[in-house]
Amino acid sequence: MSVGQKTRVGRLKIRVDRLIYTTITLMSVLIIYDGWEQLRFWSVVVVMLGPILAIFLSHVFGAALGTRVALGRPLTRRERRAVFVEECRFLLVAVPPLAILVVLTSADDSYTRIIQVIVLTGVLSLGVWGGVAGRRAGVTGWALVVPIAYGLLLGGIILVLQALLQPGHQPFRP
């Protein structure tokens, strides 16, 4: 059952599932990449946007093919445009990490430290989305801690797995 199309957060209609797995993918790329201090600002931006853009393009391609299969005919220009516009909202996932990058770069933090902040923010966002899911499911009070903890635990597991798989000897060095 897919309910992703019906999810609203505020005024935005978004696919929370896509937001979650893109966050996890971006966190993985940022943790595994080594050599942040050798990069310039725009190179860091490209490393961050690369996986997001790749996932976005795969969504456009998959949605277009899925629609074509469902309709049993080629898409019209209007239908292709509708698929593209629908998937463009997905690019908003790049805004928080880029905002963190810009703010902390202007504060003269190292890229390694900035990436650590972005990854930690990704982990915290998984906890927030766990809380949103819990509230939408009617969970209240102390019981709401469970879905939040589940999101945070998932983020922590991803950090541990990535640290174990990361090349180099010090995966979380400052």
Side-chain angles (χ1 to χ4, degrees), residues 4 7-61 84-136 144-174:
T7 305
R8 287 198 175 278
V9 176
R11 299 180 75 201
L12 290 176
K13 184 174 136 185
I14 61 170
R15 293 280 310 261
V16 175
D17 55 338
R18 292 182 179 184
L19 185 72
I20 298 296
Y21 62 72
T22 302
T23 298
I24 292 169
T25 301
L26 180 61
M27 287 169 47
S28 299
V29 168
L30 297 180
I31 290 171
I32 290 174
Y33 187 85
D34 199 16
W36 291 107
E37 296 311 317
Q38 287 77 36
L39 298 179
R40 296 185 188 273
F41 178 82
W42 290 109
S43 298
V44 175
V45 169
V46 168
V47 170
M48 289 173 52
L49 290 181
I52 294 171
L53 186 59
I55 293 172
F56 163 71
L57 293 173
S58 71
H59 286 250
V60 171
F61 181 69
F84 183 78
V85 168
E86 177 75 21
E87 298 300 331
C88 275
R89 278 181 265 145
F90 175 73
L91 292 174
L92 290 173
V93 97
V95 173
L98 289 175
I100 292 169
L101 175 65
V102 168
V103 168
L104 293 181
T105 298
S106 66
D108 208 28
D109 278 334
S110 71
Y111 290 132
T112 301
R113 178 66 65 201
I114 293 169
I115 297 306
Q116 289 171 343
V117 170
I118 291 170
V119 168
L120 181 59
T121 302
V123 170
L124 294 176
S125 77
L126 296 177
V128 168
W129 285 113
V132 169
R135 284 294 294 143
R136 294 268 173 103
L144 189 58
V145 171
V146 174
I148 293 170
Y150 181 72
L152 293 172
L153 178 64
L154 175 62
I157 290 170
I158 292 163
L159 288 176
V160 168
L161 287 173
Q162 296 304 322
L164 293 174
L165 297 173
Q166 181 181 10
H169 302 289
Q170 299 173 344
F172 297 108
R173 65 182 180 264

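Quick note: residue numbers are just sequence positions, from 1. The model shown is predicted, which means the values in this text are computed figures rather than measured ones.
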*Take Trp36 and Val47 through the side chain to side chain contact (heavy atoms under 4.5 Å, CB included) test and state the conclusion after the steps.*
CA-CA 10 Å; Trp36 291 107; Val47 170; 3.4 Å; yes
*Which atom names give the shortest non-hydrogen contact between Phe90 and Ile52, and what distance separates them?*
CE2-O, 3.8 Å
*For residues 44-60, which residue pairs qualify under side-chain hydrogen bond (donor to acceptor under 3.5 Å, both in side chains), counting only residues two or more places apart or in two chains?*
Arg18-His59, Tyr21-His59
_Using modelled atom types and a 3.5 Å cut-off, is there a donor and acceptor pairing between side-chain atoms of Glu37 and backbone atoms of Tyr111?_
yes
Side-chain polar contacts of residues 91-107 - donor-acceptor pairs under 3.5 angstrom, sequence neighbours left out - could you list them?
unit_1	atom_1	unit_2	atom_2	d
Thr105	OG1	Leu101	O	2.6
Ser106	OG	Val102	O	3.3
Ser106	OG	Val103	O	2.7

*Do Leu126 and Leu152 come close enough that some side-chain heavy atom pair is under 4.5 Å?*
no
*Compare every heavy atom of Thr23 with every heavy atom of Ser125, then report the nearest pair and how far apart it is.*
OG-CG2, 3.7 Å
*For the student: nearest non-hydrogen atoms of Gly134 and Pro147, plus distance*: CA-CG, 3.8 Å
*Is there side-chain contact between Leu154 and Ile24, with heavy atoms separated by less than 4.5 Å?*
yes
*Does CZ belonging to Phe41 count more than 12 external heavy atoms closer than 6.0 Å?*
yes
*asked:* To check you understand the geometry: which heavy-atom pair defines the closest contact between Pro51 and Leu26, and what is its length?
replied: CG-CD1, 4.0 Å
*asked:* Please determine whether the number of non-hydrogen atoms from other residues, nucleotides or ligands lying under 6.0 Å from atom OH of Tyr150 exceeds 12.
replied: no
*Look up atom CE in Met48 and atom CG in Leu53, then write down how far apart they are to the nearest 0.5 Å.*
13.5 Å
